[in-house]
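Data first, discussion second: the structure below is written as structure tokens.
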Amino acid sequence: MDLFSFADEQNNQSNRPLAYRMRPTSLEEYVGQEHILAKGKWLREMLEKDQLTSLILFGPPGTGKTTLAELIAKRTRSQFVPLNAVTSGIPEIREVIQGAKERLRLYQDRTILFIDEIHRLNRTQQDALLPHVEDGTVILIGATTENPSYSVNNALLSRAAVVPLYSLSEEELTTLLFRALRDQEMGLGIYHAQLESEATQHLVQICEGDVRRALHALEIAVLTAPIQADGTRIITLSQMEQATVRKMVRYDKLGDHHYDTISAFIKSMRGSDPNATLYYLARMLHAGEDPRFIARRIMVHAAEDVGLADPQALVIATSASHAVEKLGMPEARLPLAEAAVYIATAPKSNSVYNGINEALALVEKELSGEIPLAIRNAPSKVAKELGYGQGYLYPHSYPRGYVAQQYLPDPHQDKIFYRSSGYGYEAKLEKLDQWRKESDLNSSES
């Protein structure tokens, strides 16, 4: 490299974002992920022994997946070849594979193929990789924010270890922030910036373990902070709030965070926790989830989890859905919250849910049986001559609108699908059912 190339390279480095410039150059500088990288942990041991296998790094944004892959390549003295699943196709994959084969044949050098956003590779692209991962032509390191169980095919998964990466703790983020503030060469040390404790606390809390976002906000805050008489820059809470603008909740409408959050919302309603219910509702609304989708889920769980323990729950959920259509956001948050809290605090019963599922299973698997003649429709003379409707007992002609008669087909007349939970309104239904059973018993004895 000549003097001019070196100067160009230095200039390029200084123009890159702080998060890029502050990437660690060794595993010893890497902060976080102690569960796999601490002394004695499995990945650290593999690297120490230079016995690397293919990996799928799975975790939220800003947890150091790309950086870790690069450091692994350095540690194992392997050629690092990056591809992006969004912009690369079969031709690019074949080119990398060919280069890896030649490198292995001529120099006995291994190739680490790093594929960012590996969940975006289609099945054909994944199949093209498979034989070369299997025979060791390349060591695959994939990075994804999505659960690889849903997005990476089983054959490829079986040949790679799935490595979960976690959001950095507030202490770990703080360590990296102050490292960037002190670094004179790649960081912000030349600006002599100081962070007030409230500004630091705000930044590490609002970034929720995303180091890339934290360093980006820190750089904005430092570069825009007023210079004091002594040449220092004091970053106050107010200045940091302006640099971070608005907290962004991790939420992908087509990915894991969408399903994980709606799952947590549903389970919180089912578990009778109104506080968690409102929290997950707020996360979805803040992230821009369609309020009509939320309303539909509330209606489903009014019927599934509350059911006849409180029949009013479905009425309120349905009303909330209509209100959402009429109001739109932000007002729609109120009927959604009202319905969700109502379901969370209502008595619970899944008797209707279980009952209809058992009945459907019976209909699908067993002979239907003939509908009893007495309860068949008799719209014509021919139907009546066949016995349709004959012997039907009109319940309203009997005390309390009830009389015992057969409704189920003969093969199923002893089947029970509805079983009361005994909670809420169903406790009243149980009393009525008990009276019917006693009435049936008295009728049979007489």
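We're numbering straight along the sequence, starting at 1. Since we're looking at a predicted model, the values are computed, not measured.
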Spacing of [X] atom [atom1] and [Y] atom [atom2] [to the nearest 0.5 Å]:
| X | Y | atom1 | atom2 | result |
| --- | --- | --- | --- | --- |
| Arg105 | Gln108 | CZ | CD | 10.0 Å |
| Ile115 | Glu92 | CD1 | CD | 11.0 Å |
| Leu314 | Met299 | CG | CE | 8.0 Å |
| Arg333 | Leu285 | CZ | CG | 9.0 Å |
| Thr25 | Leu71 | OG1 | CG | 7.5 Å |
| Thr53 | Leu140 | OG1 | CG | 9.5 Å |

### Task
Test Glu219 against every option in Arg21, Arg233, Arg16, Arg213 by the salt bridge (Lys or Arg N to Asp or Glu O under 4.0 Å) rule and name the one that passes.
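Only one of Arg21, Arg233, Arg16, Arg213 forms a salt bridge (Lys or Arg N to Asp or Glu O under 4.0 Å) with Glu219, namely Arg21.
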### ring-ring contact (aromatic ring centres under 6.0 Å, His included): pairs with one or both residues in residues 155-190, sequence neighbours excluded
His35-Tyr166
### Task
Evaluate salt bridge (Lys or Arg N to Asp or Glu O under 4.0 Å) for Arg23 paired with Glu29, printing each intermediate quantity in order.
CA-CA 9 Å; Arg23 282 182 174 176; Glu29 293 180 7; over 6 Å; no
### Heavy-atom pair with the smallest gap, counting every atom of Leu177 and Ala214
CD2-O, 3.9 Å
#### Entry: For Ala221 against Ile235, the heavy-atom pair lying closest together
O-CD1, 3.5 Å
### Summary
By side-chain contact (heavy atoms from CB on, under 4.5 Å), Arg123 pairs with (sequence neighbours left out) Asp127, Asn153
### Message
Please enumerate all residues that pass side-chain contact (heavy atoms from CB on, under 4.5 Å) together with Leu165, with sequence neighbours excluded.
### Response
Tyr30, Gln33, Ile36, Leu57, Thr63, Lys65, Leu68, Val163
### Message
Using only atom types and a distance under 3.5 Å, with no angle test, would you say the side chain of Arg297 pairs donor to acceptor with the backbone of Phe265?
### Response
no
### Query
Can any side-chain N or O of Glu358 pair as donor or acceptor with the backbone N or O of Gly355 at less than 3.5 Å?
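No, because the side chain of Glu358 does not come within donor-acceptor range (under 3.5 Å) of the backbone of Gly355.
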### Query
Is it the case that Ser238 and Thr236 place a side-chain donor and acceptor less than 3.5 Å from each other?
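On atom types as modelled, these side chains do not qualify, holding no pair under 3.5 Å.
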### Query
Going by atom types alone, do Arg283 and Thr261 pair a side-chain donor with an acceptor below 3.5 Å?
no
### Task
Give a yes or no on whether a salt bridge exists between Arg270 and Asp305, defined as a side-chain N under 4.0 angstrom from a carboxylate O.
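Salt bridge present between Arg270 and Asp305.
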